[in-house]
Amino acid sequence: ILNVEQSPQSLHVQEGDSTNFTCSFPSSNFYALHWYRWETAKSPEALFVMTLNGDEKKKGRISATLNTKEGYSYLYIKGSQPEDSATYLCAFITNNDMRFGAGTRLTVKP
Amino acid sequence: EAGVTQSPTHLIKTRGQQATLRCSPISGHTSVYWYQQALGLGLQFLLWYDEGEERNRGNFPPRFSGRQFPNYSSELNVNALELEDSALYLCASSLWRDRGPGGYTFGSGTRLTVV
């Protein structure tokens, strides 16, 4: 059974704050690590697909890093906006499995 | 290009009945994944199909089953429904072993309510 942990469980920040979340996963059998944003009443939407140790991805104000040797990935949001409010999920993928963490629920207050 | 489509959007069943949920992947995608999100819980992995075969299943009882058709669409069947099966069921699709930048594409889900 794959253990994918995300922290914190929830986060409340003010508009303009920068924030970051953690995804921890097993350091063996790594194939890929995905980050998704899941807004209420919508489907999860892919943010990043990370495949190499040391990967850094960036999309606008959001970026992510990956350390496969120690089994963690960080997601950073710079200058949070109310529209960033969502649940952020990471998914750990091996050769024959794909498991999500429980997510970090971000609320950005205007 | 059409996205992942799921039907029905909502389904209400009585305890003990059977439910069938359907998923059509993005054209060209061969892998279909099923997930359950029960109230207050995260996405729980149910089943993974690729090229018509079950590749892996999560920690769910055998009354959760499914299949993938030659056109790569998929069905999830839940037999002997129990109240705790009430949940949002999400389907996602991808290319086999895809590491592409798009990640896995999700449908909008089927909300199953068991009364």
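Order of the sequence lines sets the chain letters (A, B, ...), proteins ahead of strands, with each chain counted from 1. Reckoned from all heavy atoms, side chains included, excluding hydrogens, waters and symmetry mates.
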Sort [X] into side chain, backbone, both or neither according to what part of it lies under 4.5 angstrom from a heavy atom of chain A.
X: B/Arg111; value: neither
X: B/Leu88; value: side chain
X: B/Gln44; value: neither
X: B/Leu90; value: side chain

Test of ring centre spacing under 6.0 Å for B/Tyr104 and B/Tyr33
yes
Do A/Phe25 and A/Phe30 have their ring centres less than 6.0 Å from each other?
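Yes, they do, as the ring centres are separated by less than 6.0 Å.
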Top contributor to chain B interface from A/Gly101, A/Ser43, A/Ala41 [non-hydrogen pairs under 4.5 Å]
A/Ser43
Tell me yes or no: between the side chains of A/Asn67 and A/Tyr72, is some donor less than 3.5 Å from an acceptor?
yes
Is a donor from one side chain sitting under 3.5 angstrom from an acceptor on the other, for A/Ser80 and A/Asp17?
no
Pick one of side chain, backbone, both or neither for A/Met50, based on which atoms fall under 4.5 Å of a heavy atom in chain B.
neither
For A/Trp35, which atoms come within 4.5 Å of any heavy atom of chain B: side chain, backbone, both, or neither?
neither
Looking only at B/Gly107, B/Gly109, B/Ala92, the option with the highest number of non-hydrogen pairs under 4.5 Å against chain A is B/Gly107
The test is side-chain contact (heavy atoms from CB on, under 4.5 Å); show your working for B/Phe60 and B/Leu47 and say whether it passes.
CA-CA 9 Å; B/Phe60 280 83; B/Leu47 290 159; over 6 Å; no
Is the backbone N or O of A/Thr87 less than 3.5 Å from a side-chain atom of A/Arg105, with the two atoms forming a donor-acceptor pair by type?
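Such a contact is absent between A/Arg105 side chain and A/Thr87 backbone.
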